[in-house]
Amino acid sequence: DSVAEMRDMLRGARRIVGFTGAGISTECGVPDFRSPGSPWLKFAPIEYGEFVSSPAARQEAWRRKFAMDDIYGHAAPGRGHRAMAHLVGVGRMSAIVTQNIDGLHQASGVAPSRIIELHGNGTYARCLECGLRHELADIRTRFEASGEPPMCVSCGGIVKSATISFGQAMPEREMLRAQAVAMDCDVFLVVGSSLVVHPAATLPLIARQSGARLIILNRDPTPLDEAASLVVNADIGDALEPLAQLN
Ligand code: OAD
Ligand code: ZN
């Protein structure tokens, strides 16, 4: 079957790049974006332009952020994260490019230098003006005390969760690094992404054009299935767990 075929391909690979989306974290209790029942489908996302121009939008964004954190802020890595951490540890996976903001690859013990976060990180915040890092616990205390979206303690600028919103520029350095690793792998392994959000979803094609085999491991079909060497429609935890034994 396709799961066995995937494991064979991965066993034979020397330089795998992993590319993850929200599907790797669903078994950890973190909902994905586009599966039926996702809390993200209930509201239109607050776009970057609204966030910076409207205090009311910022207030709503922080309210949603802290409500979500109450639900999954304490999630722990799952079987998929652990298997990928193992592949990095034994030197088979050179990098993990992730669209996720949950920090679970770091939590699974992967060296930060091997993780490329395309959409930022939701476990802290930054000032959009001066770049100062703000801890969420502080921001939350101030937000809950005043009801107002907190401003930077250093420069008075707008503080935002360190994630990339729709309408916000991609982090340039991360995008360049992701392109570089995609061009330099023998297998590009997509794990749990619908592959509909660009430019992230162009990376599998860059890998393919550079000669890598493309494996897509996802429960549902994706627009790039046609371009893949192998499509595996299976549960991520079940499919990847045995790879934690690979040496
Ligand atoms: P999506 O929610 O679009 O896709 C997640 C995919 O994971 C779906 O196609 C599911 O079929 C699959 N899936 C979920 N649980 C699974 C499981 N246990 N086993 C196998 N497959 C499973 O999430 P992303 O592709 O990550 O962007 O979304 C991409 C971007 O859209 C996100 O990074 C975010 C969002 O808007 C920003 O916030 C900028
Ligand atoms: Zn500042």
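Every number for a ligand or one of its atoms is a count from 1 in the order of the listing.
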With the threshold set at under 4.0 angstrom, would you say [X] reaches ligand 1 through any of its heavy atoms?
{"X": "A234", "result": "yes"}
{"X": "F166", "result": "yes"}
{"X": "E27", "result": "no"}

For ligand 1, which atoms, with element, lie under 4.0 Å from some heavy atom of [X]?
{"X": "G21", "value": "26 (O)"}
{"X": "A22", "value": "23 (O), 24 (P), 26 (O)"}
{"X": "T26", "value": "14 (C), 15 (N), 16 (C), 17 (C), 18 (N)"}
{"X": "G192", "value": "5 (C), 6 (C), 7 (O)"}

Looking at atom 27 (O) of ligand 1, what's its closest protein heavy atom, distance included?
H119 ND1, 3.4 Å

Minimum-distance protein heavy atom relative to atom 21 (N) of ligand 1
R219 N, 3.0 Å

With a 4.0 Å heavy-atom cut-off (strictly under), which part of I164 contacts ligand 1: side chain, backbone, both or neither?
backbone

pair [X]-[Y]: side-chain heavy atoms closer than 4.5 Å:
{"X": "Y48", "Y": "L128", "answer": "yes"}
{"X": "C127", "Y": "H134", "answer": "yes"}
{"X": "T26", "Y": "S35", "answer": "no"}
{"X": "C185", "Y": "M93", "answer": "no"}

Where is the tightest heavy-atom contact between T20 and N100, given as atom of each residue plus distance?
OG1-ND2, 4.0 Å

Between T141 and D138, does any side-chain donor sit less than 3.5 Å from a side-chain acceptor?
no

Return the option from I24, D32, V30 holding the heavy atom at the smallest distance from atom 5 (C) of ligand 1.
D32

Tell me the nearest of A200, G237, G120, S194 to atom 3 (O) of ligand 1, using heavy-atom distances.
S194

Below the 3.5 angstrom mark, is there an N/O of S35, backbone or side chain, next to an N/O of ligand 1?
no

N or O contact, I236 vs ligand 1, cut-off under 3.5 Å
yes

Do you reckon I16 sits in the same ILVMFWY cluster as I236, going by side-chain contacts under 4.5 Å, direct or chained?
yes

Shell of protein N/O/S atoms around the Zn ion (ligand 2), taken as anything under 2.8 Å:
C127 SG, C130 SG, C152 SG, C155 SG

Which residue pairs pass the side chain to side chain donor-acceptor pair (under 3.5 Å) test when at least one of the two sits in residues 181-204, sequence neighbours left out?
Q99-S193

Evaluate whether atom CZ of R133 has more than 12 neighbouring non-hydrogen atoms of other residues, nucleotides or ligands under 6.0 angstrom away.
yes

